[in-house]
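The structure under discussion appears below in the form of structure tokens.
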Amino acid sequence: MTSKSNLYQLDGRVPMVQAIPFGLQHVLAMFVSNITPIIILANVVGIDSAISATLIQNCMIIAGIGTLIQLYPLWRIGSRLPIVMGISFTFLSLAIFIGTSQGMGVLIGAVIIGGIVEGVLGLLAKFWIRIISPVVAAAVVTAIGFSLLPIGANSFAGGQGAADFGSVQNWMVGTFTLLVCLGFQVFAKGFLRSLSVLIGLIAGYIVAACMGMVNLSGLQDIGIVSLPQLLPFKPEFELGAILSIIAIYLVSATETIGDTSALCSGAIHRAPTDRELGASVSCDGFVSSVAGLFGCTPITSFSQNVGLAAMSGVVNRFAIATGACIMILGGIFPIVGTVLTAIPQAVLGGCTIMMFGSIMYAGFGMLAKCGFNNRNMVIVALSLSVGLGFTQASEMFSIFPQIVRTVFAENCVAVVFILAVVLNLLLPKEEANSQSE
């Protein structure tokens with residue numbers, strides 16, 4: 001039965017008039033972040049502009065396909081949860097290093113093989129998933145929320161490296177967008193409250209356009225339809241590059257596990273099953289291999305969309321699938337992608353800053369369910385303080401080999417995850433049930 005009340009349920013059909021705006025809201029929350037890694041990589045490596053445009057188009061299509069597979073699994077690949085997928089920033093620094101020193105063919109070969117490795121790990125999750133106890137998951141989710149805050153703040157100020165970073169115009173647009181989102185989240189009811197992010201984004205976009213901050217010059221001489229290009233680079237397979245990429249895939253898997261846990265805790269209000277965690281990781285890996293076939297770097301779950309689901313309460317798979325279809329259409333019809341790319345960073349920052357905070361809130365809730373005993377305090381306090389603290393002073397990793405610096409120096413989630421797992425395995429469990437006073 002088709003009903004708008006199904007928006008807050010995983011299953012059930014939703015009227016298209018409601019499904020489309022909620023799907024679009026998810027696309028807008030992650031769109032720029034999805035294409036930015038490809039843009040940066042292409043610029044640094046020196047990829048031809050025509051191929052760069054093809055890669056941007058391909059990454060939109062891959063993000064849509066990956067999201068659809070998470071929503072509607074193929075065999076045991078996909079979690080059947082409202083997880084939105086996109087091109088990962090986690091691989092960017094290593095991708096730039098391999099692309100510039102060994103060539104894009106070597107990078108793509110490593111992406112394809114590494115994705116298969118992560119996908120198989122996801123299928124075999126029942127053999128290792130137990131090491132990720134509730135307190136480990138809670139620490140990782142909290143770390144994800146913290147790690148996203150600088151991204152939201154940089155967007156709010158205009159985007160890191162922007163010529164007008166921190167300008168009065170960006171402050172005005174970001175603040176206005178945030179206040180609109182906050183107003184609808186606090187004072188609106190039902191349907192409008194759930195659409196608070198989309199409404200804020202539209203309002204901020206209009207104000208930014210009136211201030212001359214929206215650049216639509218990309219619409220000139222744009223084609224109507226453009227089909228994706230398979231294998232823009234010929235894959236080459238080098239063992240060193242493959243092993244390096246696999247190490248980052250393991251980090252990506254921890255982030256996906258954290259996102260899946262945060263989504264279930266914050267939006268669905270239950271713990272994820274082992275099957276869901278493994279299936280989300282297998283989708284992460286196998287779809288990343290497909291991304292490599294289209295010349296893209298690996299794909300992963302997007303934490304900002306987890307925050308959006310927690311804030312809005314909208315978890316309906318059909319509604320989120322409309323967003324995935326919009327992404328695919330954006331890759332096939334360049335005008336869609338061009339218009340969405342023109343959204344000013346300050347508008348996105350105003351929309352996302354509270355969403356990222358909601359992920360931290362979900363982590364706090366998971367910690368509360370674990371219990372505030374001495375053992376959990378040690379695991380969470382040490383893993384978060386070392387993970388968040390050391391990565392803020394990333395130069396302290398300079399004595400380590402390049403692969404260690406690549407994986408850990410600026411990735412607090414990876415450090416928190418490994419420390420939390422090790423502590424959870426080593427600390428005695430006799431005090432697990434004794435609550436601190």
Side-chain angles (χ1 to χ4, degrees), residues 4 7-8 14 17-34 36 82 84 145 148-160 162 164-216 266-267 302-316 319-320 322-323 326 336 339-362:
K4 67 178 182 180
L7 283 168
Y8 309 101
V14 176
V17 69
Q18 272 94 34
I20 289 175
F22 282 105
L24 181 61
Q25 182 172 243
H26 272 276
V27 173
L28 296 177
M30 57 77 70
F31 185 83
V32 172
S33 295
N34 178 50
T36 299
V84 177
L148 287 170
L149 293 181
I151 296 175
N154 280 316
S155 290
F156 191 98
Q160 192 168 18
D164 63 344
F165 187 84
S167 67
V168 173
Q169 290 87 346
N170 285 327
W171 270 97
M172 291 173 61
V173 170
T175 302
F176 173 78
T177 305
L178 174 60
L179 290 176
V180 173
C181 292
L182 183 62
F184 276 87
Q185 182 67 27
V186 173
F187 299 109
K189 304 293 182 182
F191 182 73
L192 289 177
R193 171 182 288 180
S194 299
L195 279 175
S196 61
V197 173
L198 179 60
I199 294 170
L201 192 145
I202 293 173
Y205 192 100
I206 292 172
V207 170
C210 293
M211 297 173 64
M213 298 173 64
V214 176
N215 181 11
L216 294 176
F302 262 43
S303 300
Q304 47 262 62
N305 294 87
V306 173
L308 177 56
M311 240 178 76
S312 67
V314 175
V315 295
N316 182 265
I320 308 302
T322 62
I326 290 171
V336 177
V339 171
L340 295 180
T341 307
I343 300 172
Q345 284 283 327
V347 175
L348 292 171
C351 290
T352 57
I353 193 71
M354 191 166 72
M355 284 164 36
F356 297 160
S358 70
I359 297 176
M360 282 195 302
Y361 182 79

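Heads up: numbering here begins at 1 and tracks the sequence.
- Between the side chain of N170 and the backbone N or O of D164, at least one donor-acceptor pair lies under 3.5 Å.
- Looking at heavy atoms from C-beta onward, V314 lies in side-chain contact with Y8 at the 4.5 angstrom threshold.
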Determine all donor-acceptor pairs shorter than 3.5 Å in which one atom belongs to a side chain in residues 177-185; sequence neighbours excluded.
from : atom 1 : to   : atom 2 : distance (Å)
T177 : OG1    : V173 : O      : 2.8
Q185 : OE1    : S196 : OG     : 3.1
Q185 : NE2    : M311 : O      : 3.3

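- In this structure, CG on L308 lies 13.5 Å from CZ on F302, to the nearest 0.5 angstrom.
- Minimum heavy-atom separation, V214 to Y205: CG1-OH, 3.5 Å.
- Within the 3.5 Å criterion, the main-chain N or O of V197 finds a donor-acceptor partner in the side chain of Q25.
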Quiz item: Given the rule in the side chain to side chain contact (heavy atoms under 4.5 Å, CB included) test, do M213 and V347 qualify, once you have shown the distances and angles that lead to the verdict?
Solution: CA-CA 10 Å; M213 298 173 64; V347 175; over 6 Å; no
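- Here the shortest heavy-atom pairing between A208 and P344 reads CB-CG, 3.7 Å.
- Of the possible polar contacts, one joining the T322 side chain to the A19 backbone as a donor-acceptor pair under 3.5 Å is found.
- The line from CZ of F187 to CZ of R193 is 10.0 Å long, rounded to the nearest 0.5 Å.
- A153 approaches I353 most closely through the heavy-atom pair N-CD1, 3.8 Å.
- Between the CG atom of L348 and the CG atom of N154 there is a distance of 13.0 Å, given to the nearest 0.5 Å.
- Using a 4.5 Å heavy-atom threshold, the side chains of I326 and H26 count as separate.
- Nearest heavy atom pair, residue V84 against residue I320, reads CG2-CG2, 3.8 Å.
- Across every non-hydrogen atom of L7 and A319, the tightest pair is CD2-CB, 4.0 Å.
- Atom CD1 of I20 and atom CG of L198 lie 12.0 Å apart (nearest 0.5 Å).
- A heavy-atom distance below 4.5 Å is not found between the side chains of L195 and S312.
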